[in-house]
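Owing to the predicted nature of the structure, the values given are computational and were not obtained by experimental measurement. We're numbering straight along the sequence, starting at 1.
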Amino acid sequence: MNKVLKENSAVIKPETTFKERLWVIIPASLLIGLITVLVYNHHAEFSWDGFLGGFNQEFLIFFCIGVFAQLVDGTLGMGYGATSTSFLLAYGIPPVISSTGVHVAEMFTTGASAISHHKFGNINKKLVRHLLIPGVLGSIAGAYLLSDVIDGDAIKPFIAVYMIALAVIIIKKAMQKNVIKKKTKRLNILASFGGFMDSVGGGGWGPIVTSTLLGNGRNPRYTIGSVNAAEFAVSFASGITFMIFGGIQGWQVIIGLILGGVIAAPIAALLVNKIKRKPMMILVGVLIIILSLRTLSKLL
């Protein structure tokens, strides 16, 4: 009997191991494929002297922005796009280059973040599966419409007001001694909306999806890890769409953000395990309010 059980275990174990490895193999393969395509299509734009000359003080600033933005996003589950874009615009980078740089960089940083969160056991795979396809479809639709139809700035005030309301709910729940977990209904609609707004507004996947899930009492560690894992697919889809319609500009910005984000991703994933529930939720709420008020102040 024991021999039969051991043989069955030997058969089942490789299949389980392969499924686990897919969480690393898929993001890594997509990133390698993306790098290959970019190098093949744009190699003529580079020279060795230009490459070395790009590593200057400006590159260091973009690198630091990438590190900080990824630490915020990886530990709190939101804020990469809003944080990095705000810093780039404040530094004087044109909006078109800022937007392109952030979206292309997110394709790499979210991949590194997804792999890191998987390594540290921060992912609820069932939640990721519910968010993945609707989020991707929403992001593609948003990127396409923003390229040809609508102005993303027109709907930013509504997103900001919505996020402030969610932030108040999250902070209130963080102050409660006993947080009652509620079942989140219509995850597909939430993911579609989050992916759409992320593409249209230049950020919003984390603030919309993570905030809603945390507001319903979900565990911050698994919520942030799962939303970050799903964000890789969302960012990849929107990034490819933007690249098809708008091309790529600002290589120094992109490389600085990518390197900073990739280096910070495992550190952020590790910090999720170290930060307690209450202060994490308060930080999430405060961050959303600050970013939302900043958005409103620019529009008023």
Side-chain angles (χ1 to χ4, degrees), residues 27-28 30-32 34-39 41-43 45-117 119-120 198 202-203 205-206 224 228 231-232 234-236 238-240 242-243 246-272 274-275 283 287 290-291 294:
L30 288 174
L31 292 179
I32 292 172
L34 176 61
I35 293 173
T36 303
V37 171
L38 291 177
V39 171
N41 289 336
H42 299 278
H43 68 276
E45 301 174 19
F46 295 95
S47 66
W48 182 247
D49 291 337
F51 180 75
L52 293 178
F55 289 90
N56 51 25
Q57 183 178 352
E58 281 196 338
F59 174 82
L60 181 60
I61 292 173
F62 302 143
F63 174 82
C64 292
I65 291 173
V67 170
F68 180 73
Q70 185 58 42
L71 285 175
V72 171
D73 188 79
T75 54
L76 300 181
M78 65 190 71
Y80 181 89
T83 303
S84 53
T85 300
S86 298
F87 276 111
L88 290 173
L89 292 177
Y91 186 69
I93 303 300
V96 174
I97 296 180
S98 297
S99 179
T100 303
V102 169
H103 279 97
V104 175
E106 275 192 310
M107 298 166 72
F108 291 89
T109 58
T110 53
S113 181
I115 293 173
S116 299
H117 278 294
K119 179 180 179 181
F120 291 111
D198 185 75
W205 170 258
I224 291 171
N228 267 266
E231 187 179 13
F232 168 67
V234 172
S235 299
F236 204 91
S238 62
I240 291 293
F242 277 116
M243 287 167 62
I248 299 178
Q249 302 180 56
W251 281 104
Q252 193 180 35
V253 175
I254 294 171
I255 295 175
L257 293 177
I258 290 174
L259 292 179
V262 169
I263 290 174
I267 300 173
L270 179 61
L271 289 176
V272 171
K274 306 298 182 181
I275 300 176
L283 282 174
L287 177 63
I290 292 173
L291 295 177
R294 181 181 177 86

With a 4.5 Å cut-off on side-chain heavy atoms, are Val102 and Tyr80 touching? yes
Tell me which one of Phe63, Phe59, Phe108 satisfies side chain to side chain contact (heavy atoms under 4.5 Å, CB included) with Ile255. Phe59
Can you check whether Thr109 reaches Ser113 side chain to side chain, under 4.5 Å on heavy atoms? no
For Phe62 and Leu259, what are the C-alpha separation, side-chain angles and deciding distance, and is it a side-chain contact (heavy atoms from CB on, under 4.5 Å)? CA-CA 9 Å; Phe62 302 143; Leu259 292 179; over 6 Å; no
Shortest non-hydrogen contact between Phe87 and Ile65, atoms and distance: CB-CD1, 3.7 Å
Value rounded to 0.5 Å, distance of CG in Asn228 from CH2 in Trp205: 10.5 Å
Donor-acceptor contact present, side-chain Ser238 to main-chain Val234, <3.5 Å: yes
For a quick test of reading the model, state the closest non-hydrogen atom pair linking Ile254 to Ala105 and the distance between them. O-CB, 4.2 Å
Do you know which two heavy atoms are closest between Phe232 and Ala114, and how far apart they sit? CB-CB, 4.3 Å
Would you name the heavy atoms of Pro266 and Phe120 that are closest together and state the gap between them? O-CE1, 3.5 Å
So Phe236 and Thr110, do their side chains get closer than 4.5 Å, heavy atoms only? no
Side chains of Glu106 and Asp73 in contact at under 4.5 Å (non-hydrogen atoms): no
Note, Ile267 side chain near Gln70 side chain (heavy atom, < 4.5 Å): no
